[in-house]
Amino acid sequence: MLVYHGTNADIDVIDLTKGTRYKDFGQGFYVTPDLSTAQRMARKKVDLFKGKPIVLCYELDESALNADELNVLVFPEKASTEWINFVSNNRNRYSTATHHSYDLVKGPIADDGVALQLGRLRLHADEAEQIAFDLQDKFLDQQICFCTKRSLCYLKKISVCELK
């Protein structure tokens, strides 16, 4: 399966410690199966940090999603209560604890609209189910997070494309 990483500079060696800690699935290397999502992320990264918008293309060995040697979590493509709670825990900047021990996590991207709902969840912890229900009709782009070095063995860089 082809997956993409939108960034502002080419990456020769993936360094998991460079990723932001408080992202949807925690610190790791994020890719998406959707090229337009990666292009949007590349442009966003350039707006924030300068550089050039670049999309890195990788081949993902899909056996990683079922590999016995990896601890993998796969969420449904639509919002679920479990996904809402998982993302909320990982984005919690008030906690310094590691929120999970998965090697690989696959599921929806929490966009700005979802982020607003996560704020609602922090105020009313019992509303995760309602928030997931409210988001059922919303299209959510998909992402895969490589959280450990051993998960990266299933990812092979194929190309680098600089955007205009």
Please evaluate residues Thr20 and Gln27 with respect to the criterion side chain to side chain contact (heavy atoms under 4.5 Å, CB included), reporting the C-alpha separation (whole Å), side-chain torsions for both, the decisive distance (0.1 Å), and the verdict. CA-CA 6 Å; Thr20 305; Gln27 190 171 32; over 6 Å; no
Please assess Leu104 against Cys147 for the test side chain to side chain contact (heavy atoms under 4.5 Å, CB included), listing each intermediate value before the final yes or no. CA-CA 6 Å; Leu104 190 82; Cys147 306; over 6 Å; no
Go through Thr32 and Asp34 one step at a time and tell me if the side chain to side chain donor-acceptor pair (under 3.5 Å) criterion holds. CA-CA 5 Å; Thr32 177; Asp34 183 62; 5.3 Å; no
Given side chain to side chain contact (heavy atoms under 4.5 Å, CB included), test Val105 with Phe146 step by step and report yes or no. CA-CA 7 Å; Val105 182; Phe146 293 81; over 6 Å; no
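Of the possible donor and acceptor atoms, one in the side chain of Asn8 sits under 3.5 Å from a partner among the backbone N and O of Lys50. Remark: side-chain polar atoms of Gln39 are not paired, donor with acceptor, to backbone N or O of Leu163 under 3.5 angstrom. Of the possible donor and acceptor atoms, one in the side chain of Trp83 sits under 3.5 Å from a partner among the backbone N and O of Pro108.
Residues Ile14 and Ile54 are members of one and the same hydrophobic cluster, defined by side-chain heavy-atom contacts under 4.5 angstrom among Ile, Leu, Val, Met, Phe, Trp and Tyr. Connection of Leu65 to Phe29 is established within a shared hydrophobic cluster, with ILVMFWY side chains joined at heavy-atom distances below 4.5 Å, either directly or through further cluster members. In the hydrophobic clustering of ILVMFWY residues, with side-chain heavy atoms under 4.5 Å counting as a link, Ile11 and Val46 come out apart. The hydrophobic clustering, which links ILVMFWY residues whose side-chain heavy atoms are closer than 4.5 Å, places Ile84 and Leu73 together. Grouping the Ile, Leu, Val, Met, Phe, Trp and Tyr side chains by contacts below 4.5 angstrom, directly or via other members, places Leu16 apart from Tyr22.
At a cut-off of 3.5 Å, with distance as the only test, a side-chain donor of Asp103 or Thr148 sits close to an acceptor on the other residue. Side-chain contact, Asp24 with Gln143: a donor N or O sits under 3.5 Å from an acceptor N or O.
Taking every heavy atom of both residues into account, Pro33 and Gln142 meet most closely at CD-O, 3.7 Å. Cys57 approaches Leu2 most closely through the heavy-atom pair SG-CD2, 3.9 Å. Nearest heavy atom pair, residue Met1 against residue Glu62, reads CB-OE2, 3.4 Å. Of all heavy-atom pairs spanning Phe75 and Ser80, the tightest one is CD2-OG, 4.2 Å. Considering every non-hydrogen atom in both Cys145 and Gly28, the closest pair reads SG-CA, 3.8 Å.
Taking the six-membered ring where tryptophan is involved, the planes of Phe25 and Tyr30 are essentially parallel, since the angle between them stays under 30° and well short of 60°.
Atom SG of Cys161 and atom OH of Tyr4 lie 10.0 Å apart (nearest 0.5 Å). A distance of 10.5 Å separates OG1 of Thr7 from NZ of Lys18, quoted to the nearest 0.5 Å. Lys106 NZ to Leu60 CG: the interatomic distance, rounded to the nearest 0.5 Å, is 9.5 Å.
By the 4.5 Å heavy-atom criterion applied to side chains, Met41 and Ile109 are counted as neighbours.
When each of Val74, Leu155, Val31, Val72 is tested with Ile144 by the rule side chain to side chain contact (heavy atoms under 4.5 Å, CB included), just one qualifies, namely Val31.
The distance between the ring centers of Tyr58 and His5 does not fall below 6.0 angstrom.
Connectivity analysis of hydrophobic side chains (ILVMFWY, heavy atoms under 4.5 Å, direct or indirect) links Val13 to nothing; its cluster partners are none.
Within the structure, side chain to side chain donor-acceptor pair (under 3.5 Å) contacts touching residues 152-162 (residues at least two apart or in different chains) are Asp10-Lys157, Glu69-Tyr154.
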